[in-house]
Amino acid sequence: MALRLYDSLEARLRKFEPLVPGEVGMYVCGPTVQSSPHIGHLRSALAYDLWRRWLTYRGHRVTFIRNVTDIDDKILAFAAKPGDAAGEQWWALAYRYELEFTTAYTRLGVLPPTYEPRATASIQQMLDLIARLIEKGHAYAAPDGSGDVYFDTKSWPAYGALTRQSLDDMVAAADADPRGKRDPRDFALWKGRKEDEPESASWPSPWGAGRPGWHVECSAMSARYLGSAFDIHGGGLDLRFPHHENELAQSTAAGDDFAKYWVHNGLVTVEGQKMSKSLGNSIYAAEFLAESEPVVVRYYLSSTHYRSTLDYHEGALREAEAAYDRIRTFLERSTRELERAGVAAERADVVPQAFGEALDDDLSTPEAFAVLHETVRAGNALLDEGSLETAADRRAEVLAMVRVLGIDPSDPQWSGGGDTAAEGALRVLVERLLTERQEARATRDFARADLIRNELAEAGIALEDAPGGTHWSIDG
RNA sequence: GGUGGAGUGGCCGAGAGGCGAGGCAGCGGCCUGCAAAGCCGUAUACGCGGGUUCGAAUCCCGUCUCCACCUCCA
């Protein structure tokens, strides 16, 4: 079955066919580094990480670009003003938050992009794009001497194509400052420097010193790294308008083919309420990742389809942990039992067909997880009945799936870099107690056996008696 | 006003004309000295009202409710 994805521009599922067979260029709108990352950022980054991993698994060579917007109104607003020597410089502030994003992404197991361009490093490409637009009559410098340059939306009949809106139906923002615009819906490509903005936040241009508008950044950077035509453009649903609409208008008006497919991920709500910077109800990445193991967070964020709204509610992570533990427990158990029986556990690294079909169908992770859990159940049943060879097949499938999804419990990514000396000492002590308990059980002294089990439980060590011996685990 | 989306069992969450996805929680059973883990079984679920059809959660008409976007947003 062919891989299909939902294209927001055409508003339908489309068969995925890369411009160049075997090669995929993917551009994702990264964060504006003006505040700390929250769950929404994690969810978005994870959605494209999964797309990228799946496209790669299906044999494509993916060039994955995710930008960092490191200059914008709010970054300047939150940073030191000229003359404020003690304040934090805008570039320091932007970089500080960029590091927070990188940390959060890394902890979640989001693979680093092929390249992560910062907006401020592509100013020349933006100026070139703006010049082309002026030349073609789709942009103009404001006549008010502000140094602003605007995109002329009325000059581009296709404006509104991405969100299927007609210019006339758009409600002009009540607080919109018309400045030097011909039409309130025109948007800034270049913003002339204002008195209270630091000089370090402006670049020379034919229209005066200033800085780029937000939308032009992505048009310039995607073309710079992926070419004027590339395969997939992704970003949060909230970016569809105006950001992506404007990107599309700019790039196509300048003569670029731009993205072949547009992909948008759903947003995260908290207890049914929209989460946003302005409402201040955000759950930040750092606290969220501290609430549970990062791999469980990843499982949780992956388990809803990427285009659906993900409503976070109290207890959701606990449920995710219980579900994920089924998978983790099966992998540990099967590894242990196959090893003990001397059955070779290694098998080809191939996912079940149904799993592949699920992900081929617009990255249907919910269905993929269903296949994963069904395979776990089948594997457990086979272990129960002693069919170890077929159980080993199921185990290999589970491993393959879990690897594609980036939630392999045995991946060093998730192990907290434990203290091996302490672990060794603990093992000696626990095993001594287990031997003692085994002796008690052999003489049917169950009171003593249970006492040992309870004491270990109090220390956070759980026991499982299996035919081949007793297995212990920490916090199990 | 315009554009798009959603209402599914106690909870989460898929599916999109006919075999009740999957997970969490619950209940019953098997296994176990007892547990744990695991397995098996267990639900007359599709906002409401009509209609089409042999058959509708799925299609059509109407209706209610909720959400998002319409120049800060992942």
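Keep in mind that what you see is a predicted model, and the values were worked out from it rather than measured. Per chain, numbering begins at 1; letters A, B, ... match sequence-line order.
Distance noted for atom C1' between B:C46 and B:A57: 4 Å (whole Å). Taking atom C1' on both B:A37 and B:U32, the two are 11 Å apart, rounded to the nearest angstrom. Comparing the C1' positions of B:A21 and B:A43 gives an interatomic distance of 15 Å, to the nearest angstrom. B:A16 and B:C60: their C1' atoms are spaced 15 Å apart (whole Å).
Side chain of A:R164, nearest nucleotide from B:G2, B:G4, B:A37: B:G4. Of the candidates B:G2, B:A37, B:G33, B:A37 carries the atom nearest the A:E464 side chain, counting heavy atoms from C-beta on. Set against B:G33, B:G38, B:C72, the side chain of A:K274 has B:C72 as its closest nucleotide. For A:T304, the side-chain atoms get nearest to B:A14 when compared with the rest of B:C12, B:U3, B:A14. In this structure, of B:G33, B:A37, B:A74, it is B:G33 that holds the atom nearest to the side chain of A:D465. Side-chain proximity of A:D384 to B:G38, B:C11, B:A14: nearest is B:G38. Residue A:H38 places its side chain closer to B:A74 than to any other of B:G33, B:C72, B:A74.
Under the 30°/60° scheme for interplanar angles, the aromatic rings of A:W262 and A:H264 are found to lie parallel. The aromatic rings of A:Y306 and A:W51 sit perpendicular, their planes meeting at an angle over 60°, well past the 30° parallel limit.
Across the strands present, B:A6 finds its partner in B:U65; the criterion is a Watson-Crick or G-U wobble pair with both atom distances under 3.5 angstrom. Within the shown strands, B:G38 is the pairing partner of B:C30 under the Watson-Crick or G-U definition, both distances less than 3.5 Å. B:G1 is paired with B:C70 under the Watson-Crick or G-U wobble criterion, all donor-acceptor distances under 3.5 Å.
A:R437 comes within contact range of at least one nucleobase, with a heavy-atom separation under 4.0 Å. Among the protein residues, A:L463 comes within range of the nucleic acid bases, having at least one heavy atom under 4.0 Å from a base atom. Counting any heavy atom pair closer than 4.0 Å across all strands shown, A:H471 reaches no nucleic acid atom.
Computed from coordinates, the A:L237 CG to B:U71 P distance equals 15 Å when rounded to whole Å. One interatomic measurement links the two molecules: CG of A:L382 to P of B:A37, which rounds to 21 Å at whole-angstrom precision. Rounded to whole Å, the distance from CZ on A:R307 to P on B:A74 is 21 Å. Atom CZ in A:R448 sits about 20 Å away from atom P in B:C34, given to the nearest Å. Atom NE2 in A:H244 sits roughly 17 Å away from atom C1' in B:U3 (whole-Å rounding). Atom CG in A:D238 sits about 14 Å away from atom C1' in B:G4, given to the nearest Å.
Smallest separation of non-hydrogen atoms from A:N380 and A:R333: OD1-NH1, 2.9 Å. Taking every heavy atom of both residues into account, A:T304 and A:P366 meet most closely at C-CG, 4.1 Å. Between A:C29 and A:L239, the closest heavy-atom pair is CB-CD1, 3.6 Å.
Panel note: side chain A:Q34, backbone A:D72; no donor-acceptor pair is recorded below 3.5 Å.
The base of B:G33 sits within donor-acceptor range of the side chain of A:R441, with an N or O pair under 3.5 Å. The base of B:A36 has none of its N or O atoms less than 3.5 Å from a complementary donor or acceptor on the side chain of A:R453. Taking 3.5 Å as the limit, the base of B:C40 and the side chain of A:N380 contain no donor-acceptor pair of atoms between them.
Every residue two or more places apart in sequence or in another chain that forms a salt bridge (Lys or Arg N to Asp or Glu O under 4.0 Å) with A:E436 is listed here: A:R448.
Between A:S166 and the phosphate of B:U3, there is no side-chain N or O to OP1/OP2 separation shorter than 4.0 Å.
Ring centers of A:H215 and A:H244: at least 6.0 Å apart, outside the cut-off. Taking the six-membered ring wherever Trp is involved, the centroid distance between the rings of A:Y150 and A:F187 does not fall below 6.0 Å.
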Do any N or O atoms of the protein come closer than 3.5 Å to N or O atoms of nucleotides 22-30 of chain B, and which pairs are they?
{"unit_1": "B:G22", "atom_1": "O2'", "unit_2": "A:H373", "atom_2": "ND1", "d": "3.4"}

